[in-house]
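Position 1 is the first residue of the sequence; numbering continues from there. Atoms within each ligand, like the ligands themselves, are counted from 1 in listed order.
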Amino acid sequence: MKKSKTFYVTTPIFYPSGNLHIGHLYSASIAWFLKNYKSRKGYQVLFLTGSDEHGQKIYEQAKKNNQEPQEYVDLQAKKFINFWKLYGIDFDVFSRTTNLKHKKVVKKIFSYFLERKLVYLDKYKGWYSISDEEFVSPSQILKDEKGVFLHPVSKNPLTLVEEESYFFDMKKFEKWIFEFLEKEKVVSSNKTRNELVNNFLKDGLENLSVTRNSVKWGIKIKENSCHLIYVWLDALFNYVTNIGFDFENSQIKYLNFWEKGDEIVHVVGKEITRFHCIYWPIFLKALGIRRPTKILSHGWIVTPEGKMSKSKGNVIDPLKLLEHFENEEIKCFLLTEFSLKNDNSFSLEKMKEFYNVNLANNFGNLFSRTISLVNQSFVNKSVFFDEKLLTDKENQLIEKIKNRVKLIDNYFDNFQIDKGFQELFFIGHDLNCYVDESKPWNLKSDLKQLKKILNLLLNFIYVMGFYLEIVMPNKMIQLKKILGIKENFQQAKFFDFSKFDNLIIGKNEILFVRKKN
Ligand code: MSP
């Protein structure tokens, strides 16, 4: 039997120093969508998310709460897992950087680099952002009106760090990484790739400080007990250690999904793209293991007041949002309305408008009017779908929908998720127009015609159901029950119009109740 292809997708592992917000949910929804989509395409899939539990920021947060860091991250990790459950983000691996196995392997990786002289001891003096866990080079530092040095993107304050540190010899890989980014097309957009080249490679890649001796919470290196491993070196390796990488003793999951796997996709926000596109492939190359196939970079979710931040008081609490909408509706909104390429502004009004326009009016109304007409006209009457009755207009409609289906697949395959869903709702629009024009409620005495129209509609609701199920698996259980479908939706059956001939359609139910303004 032919082995199915594999697809491994990851979210960034989130810092447990605060609660998860809608921006994190956006990252996770993209990865979760890709997992579901690829599994419907027959791939064997693996989905990892988790928490990034070391570093000064976490240490300070734990102290503030009068907790030991481990106690603090244990509680936060539980909260994260619970959050993903509430949002129906069903991951396969919850990856934590405080896992014993991870810590052991990261230590080994550091020793491997040291033995091969890829890492060397030196002195570091520079400006560091604890909140971003990142050093900022002098040319990128911003100053506020009081002269305080700030991180160029997050605007968090910087502190001067002067200490002994081990450095990773990035320069050795300068040429290689340049070619890697050019040739392998791993970065999701050319614009992002060019920005990385211009900002970090064109004037030479700087060596990276990979240990700290002033930080109190992290993985100690074996060779020098004063040094802890820099959070990014620690964190990036989670993608392989927590699926079983361990040099010669790697586990089957790692071998199947990474070493011999087909597609490996990291979903990341734009500010951490540099770590994933430059340092991560270099670390892997240095270790002699394969690189990911795609790094999918996305913009931020902002509010009309700008990027969400605690100080601005504009953080949208996703748990509150669940009081108004179902988790699937929220994920569908984020994936349909927000393009990966841009920053996107979130508001409750926008969410409500999306819901009413696309879910309640477009798809919901189409479903409801179709099912109620079937309920009214076809109880215990069997009239079969007759292809000969199709008019030119109806044949054109079928062609149009076939083209839309091709486009949707193409968009999804190329990670243009928003465009794919928008195309899907165009199908709903086409069908509602078809209903308005053909006025089936006037055809109650011409059952053959009526059956043809309703049958076409049911068949296209099936098509929409297939794609909606990727993001709304629970809602589609309700829909399938009413349609009398017991098996999985199958793409191969999209245009087999006989599939509803013998089905008993259930009673109409409103899938999406319109929200009042
Ligand atoms: N721990 C690191 C990632 C290590 S991965 C090996 C980290 N954590 S984070 O919690 O700060 O951010 C995680 C992800 O959430 C990033 O991809 C980031 O871009 C994303 N987002 C955080 N705020 C966001 C928005 N407002 N909007 C969209 N995504 C944002 O970085």
Side-chain angles (χ1 to χ4, degrees), residues 9-31 48-58 61 73 76-77 79-80 83-84 89 93-99 102 106 129-134 151 153-156 188 192 217-218 229-243 264-281 283-284 292 295-312 314-318 331 334-335 337-347:
V9 63
T10 68
T11 69
I13 47 171
F14 301 98
Y15 288 129
S17 44
N19 290 333
L20 292 170
H21 61 60
I22 194 100
H24 304 131
L25 175 65
Y26 180 52
S27 267
S29 300
I30 297 168
L48 172 146
T49 187
S51 54
D52 187 358
E53 304 183 350
H54 291 129
Q56 196 59 17
K57 194 166 51 169
I58 311 282
Q61 195 59 42
V73 295
Q76 286 298 98
K79 270 200 199 165
F80 279 14
F83 179 92
W84 297 129
I89 301 277
V93 180
F94 191 81
S95 170
R96 301 181 57 186
T97 51
T98 55
N99 280 346
H102 169 81
V106 168
S129 161
I130 295 176
S131 300
D132 302 285
E133 300 287 11
E134 187 179 351
H151 186 280
V153 181
S154 66
K155 317 273 191 302
N156 286 316
S188 53
T192 311
W217 176 237
I229 291 174
Y230 173 45
V231 278
W232 275 97
L233 176 60
D234 167 2
L236 287 164
F237 275 101
N238 95 87
Y239 297 133
V240 290
T241 58
N242 281 328
I243 61 165
I264 301 169
V265 178
H266 298 307
V267 176
V268 298
K270 63 180 182 184
E271 85 283 21
I272 63 167
T273 301
R274 164 164 77 113
F275 295 98
H276 285 80
C277 293
I278 297 180
Y279 303 137
W280 178 225
F283 288 148
L284 292 168
I295 290 150
L296 199 57
S297 171
H298 63 77
W300 287 333
I301 295 198
V302 295
T303 68
E305 296 85 37
K307 187 172 192 259
M308 279 181 283
S309 73
K310 275 191 201 142
S311 54
K312 278 192 198 145
N314 62 347
V315 177
I316 290 160
D317 178 358
K331 289 182 286 190
L334 295 175
L335 294 169
E337 293 290 299
F338 292 178
S339 135
L340 266 62
K341 278 192 278 179
N342 311 317
D343 285 351
N344 298 285
S345 166
F346 182 95
S347 70

Ligand-side contact atoms (ligand 1) for residue partner [X], heavy atom cut-off under 4.0 Å:
X    : value
W300 : 19 (O), 24 (C), 25 (C), 27 (N), 28 (C), 29 (N), 30 (C)
G23  : 24 (C), 25 (C), 27 (N), 28 (C), 29 (N)
A235 : 6 (C)

Measure from the side-chain N and O atoms of [X] to the backbone N and O of [Y], and report whether any donor-acceptor pair falls under 3.5 Å.
X    : Y    : result
N99  : N242 : no
Y230 : E133 : yes
S188 : S297 : yes
W217 : E53  : yes
K57  : I130 : no
H102 : T98  : no

Minimum non-hydrogen distance to atom 6 (C) of ligand 1, winning option of Y239, F346, F14: Y239
Determine, considering heavy atoms only, which of E271, K270, H266, H24 sits nearest to atom 15 (O) of ligand 1. H24
Does the side chain of W232 come within less than 4.5 Å of Y279's, by heavy atoms? no
Quick one: does S345's side chain get under 4.5 Å of T303's, heavy atoms only? no
Please state whether H298 comes within less than 4.0 angstrom of ligand 1, counting heavy atoms only. yes
Is W232 close enough to touch ligand 1? Criterion: a residue heavy atom under 4.0 Å from a ligand atom. yes
Could you identify the single nearest non-hydrogen protein atom to [atom] and state the distance to 0.1 Å?
atom                    : value
atom 3 (C) of ligand 1  : I13 O, 3.3 Å
atom 31 (O) of ligand 1 : I272 CG2, 3.5 Å
atom 26 (N) of ligand 1 : I301 O, 3.0 Å
atom 23 (N) of ligand 1 : H21 CE1, 3.3 Å
atom 17 (O) of ligand 1 : G269 N, 2.8 Å

Using ring centroids (six-membered ring only for Trp), state whether W280 and F237 fall under 6.0 Å. yes
Between [X] and ligand 1, does any nitrogen or oxygen pair lie at a separation below 3.5 Å?
X    : answer
Y15  : yes
D52  : yes
G299 : no

So if I apply the side chain to side chain donor-acceptor pair (under 3.5 Å) rule between K270 and each of N342, T192, D343, which one comes out positive? D343
